[in-house]
4 protein chains.
Amino acid sequence: MAEVGGIAADRLRSFVERVERLEEEKAALSADVKDVYAEAKGSGFDVKTIRQIVRLRKMDQTDRDEQEALLDLYKRVLDL
Amino acid sequence: MAEVGGIAADRLRSFVERVERLEEEKAALSADVKDVYAEAKGSGFDVKTIRQIVRLRKMDQTDRDEQEALLDLYKRVLDL
Amino acid sequence: MAEVGGIAADRLRSFVERVERLEEEKAALSADVKDVYAEAKGSGFDVKTIRQIVRLRKMDQTDRDEQEALLDLYKRVLDL
Amino acid sequence: MAEVGGIAADRLRSFVERVERLEEEKAALSADVKDVYAEAKGSGFDVKTIRQIVRLRKMDQTDRDEQEALLDLYKRVLDL
DNA sequence: GTGGGTTTGTGGCACC
DNA sequence: GGTGCCACAAACCCAC
């Protein structure tokens with residue numbers, strides 16, 4: 001990166017800005033999520049509970065996958 | 001939420017699914033960010049340092065200076 | 001913290017060193033864990049599988065607690 | 001691990017429990033660290049900065065200098 | 001202002 | 001030996 005004002009600098013700046021752009025979009029989506037929760041709250045629902053529901057629904061998938069992997073390992077260990 | 005099988009339940013389900021959809025999009029963007037860093041690394045840049053840069057640019061100039069001043073102070077106190 | 005060479009400096013140094021001491025102990029325990037896994041491996045067990053077991057046994061407790069909390073919340077929502 | 005109900009199973013259980021015990025001790029030490037930081041905060045110190053100090057002291061002087069030099073370079077490239 | 005939760009960053013580990 | 005992955009730990013944010 002000898003050319004501070006040249007090509008490498010442009011590339012570096014490009015990478016930084018691409019990341020920043022993506023992070024902004026993520027932040028916008030996070031704001032959207034927040035809005036949905038606010039709307040749910042305004043409709044009389046308990047936000048905390050909904051968060052738990054979302055977490056559980058996501059976790060269930062993860063657990064299922066892990067369980068399956070573990071089961072496969074056990075099967076092989078036991079020559080089943 | 002007296003009507004478990006009725007209107008309220010539908011609304012609740014709607015909120016949950018909207019959140020899940022948004023979270024999926026966020027996950028996709030996180031993957032994109034990861035890709036950008038991988039590309040930067042492949043171009044010879046140091047990923048860890050770029051992360052620091054992004055973090056610094058997100059900070060207010062004032063905060064950045066304050067953090068730095070505080071760190072310098074503690075360093076002097078400890079002869080670091 | 002006007003007295004760089006005085007009381008405040010001593011306190012700061014004390015805090016830093018207490019943390020460092022605790023972190024060292026943690027590192028020692030991490031090394032012990034590593035040793036146990038090495039011994040298990042030497043006994044013919046699959047380390048990765050044992051890690052999964054430990055994770056599952058820990059996660060089960062967490063899930064159980066969350067499930068219970070969620071159930072309580074549902075009960076209240078439904079006036080049961 | 002042919003003898004699921006026998007010797008091998010006992011050994012496996014032993015390994016799992018030893019790891020769990022060690023992880024518990026680690027968790028206790030983590031709690032102690034947290035307490036120290038809380039006490040430091042109560043004495044008027046900035047916790048975040050102390051964490052930085054601890055991190056810096058853990059680093060090799062050479063690595064510390066390299067990180068700093070790299071960050072400075074990137075900063076200059078980006079006119080930060 | 002404090003605590004809990006979520007998310008991000010970093011380090012270790014396995015695989016290639 | 002390098003790279004991708006995963007789990008732990010730290011930082012940030014919100015709610016109370």
Side-chain angles (χ1 to χ4, degrees), chain A residues 19-20 22-23 26-27 29-31 33-38 40-41 46-56 58-59 62 65-66 69 73, chain B residues 19 22-23 26-27 29-42 44 46-56 58-60 63 67, chain C residues 19 22-23 26-27 29-31 33-35 37-38 40-41 46-56 58-59 62 65-66 69-70, chain D residues 19 22-24 26-27 29-39 41-42 44 46-56 58-60 63 67:
Chain A
V19 169
E20 285 174 342
L22 290 166
E23 294 292 355
K26 280 175 64 182
L29 285 169
S30 293
V33 169
K34 192 181 168 186
D35 288 345
V36 173
Y37 280 125
K41 184 175 183 177
D46 183 79
V47 172
K48 191 172 181 178
T49 305
I50 299 181
R51 283 187 186 276
Q52 284 180 292
I53 299 277
V54 171
R55 206 182 317 135
L56 283 174
K58 184 182 172 194
M59 193 183 305
T62 306
D65 294 346
E66 282 181 2
L73 284 161
Chain B
V19 169
L22 291 166
E23 293 291 354
K26 280 175 63 182
L29 286 170
S30 293
D32 289 346
V33 169
K34 192 180 168 187
D35 289 345
V36 173
Y37 279 125
E39 189 184 341
K41 183 177 184 176
D46 184 75
V47 171
K48 190 173 178 176
T49 306
I50 298 182
R51 284 185 187 277
Q52 282 181 286
I53 293 286
V54 170
R55 217 180 306 134
L56 284 173
K58 202 161 34 177
M59 284 178 70
D60 184 334
D63 294 341
Q67 275 295 343
Chain C
V19 169
L22 291 165
E23 294 291 354
K26 280 174 63 182
L29 285 169
S30 293
V33 169
K34 193 179 169 186
D35 289 345
Y37 281 125
K41 183 176 185 177
D46 182 78
V47 171
K48 189 173 182 177
T49 305
I50 299 182
R51 283 185 186 276
Q52 284 180 292
I53 298 278
V54 170
R55 207 183 316 136
L56 283 173
K58 184 184 172 191
M59 194 183 306
T62 305
D65 294 346
E66 282 182 2
L70 196 54
Chain D
V19 169
L22 291 166
E23 293 292 356
E24 278 172 26
K26 279 176 64 181
L29 286 169
S30 293
D32 289 345
V33 170
K34 192 180 169 187
D35 289 345
V36 173
Y37 280 125
E39 189 183 340
K41 183 178 185 176
D46 185 75
V47 171
K48 189 173 179 178
T49 306
I50 298 182
R51 285 186 186 278
Q52 282 181 285
I53 293 286
V54 170
R55 216 180 308 133
L56 285 173
K58 201 162 36 179
M59 284 180 70
D60 184 336
D63 293 341
Q67 275 294 345

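Lettering of chains follows the sequences in order, A, B, ..., and the numbering in each one begins at 1. Since the model is a prediction, treat every value here as computed from it, not as a measurement.
How far CG of Leu56(C) is from CD1 of Ile53(C): 6.5 Å, rounded to the nearest 0.5 Å.
In the 5' to 3' direction, nucleotides of DNA chain F lying under 4.0 Å from heavy atoms of chain D begin and end at dA10(F) to dC12(F). A 4.0 Å heavy-atom criterion places the boundary nucleotides of DNA chain E facing chain B at dT7(E) to dG11(E), written 5' to 3'.
Remark: Leu29(B) engages Leu22(A), Glu25(A), Lys26(A), Leu29(A), Asp32(B) in a side chain to side chain contact (heavy atoms under 4.5 Å, CB included) (not counting sequence neighbours). Lys48(B) pairs by the side chain to side chain contact (heavy atoms under 4.5 Å, CB included) definition with Asp46(B), Gln67(D), not counting sequence neighbours. Partners of Met59(A) by side chain to side chain contact (heavy atoms under 4.5 Å, CB included), not counting sequence neighbours, listed by chain and number: Arg55(A), Asp63(A), Asp63(C), Glu66(C). Evaluation of the side chain to side chain donor-acceptor pair (under 3.5 Å) rule for Glu23(A) yields no partner, not counting sequence neighbours. Considering only residues two or more places apart in sequence or on other chains, Glu20(A) meets the salt bridge (charged side-chain N to carboxylate O under 4.0 Å, His left out) condition with Arg57(B).
Residues of residues 48-55 of chain D that place a heavy atom closer than 4.0 Å to DNA chain F, in numerical order, are Lys48(D), Arg51(D), Arg55(D).
Projected onto DNA chain F by closest heavy-atom contact, Lys58(C) and Val47(A) fall at different nucleotides, the more 5' of which corresponds to Lys58(C).
Lys41(D) comes within 4.0 angstrom of the backbone, heavy atoms only, and of no base. Nucleic acid contact for Lys34(B): sugar-phosphate only, since backbone atoms but no base atoms lie under 4.0 Å from a heavy atom of the residue. Lys26(B) comes within 4.0 angstrom of sugar-phosphate atoms only, judged by non-hydrogen atoms across all strands, and of no base.
Contact between Tyr37(B) and Val47(B) at its shortest, heavy atoms only, is O-CG2, 3.5 Å.
Comparing the start and finish of the helix from dG1(E)-dC16(F) to dC16(E)-dG1(F), five pairs each, the helix axis swings through 0°, to the nearest 10 degrees.
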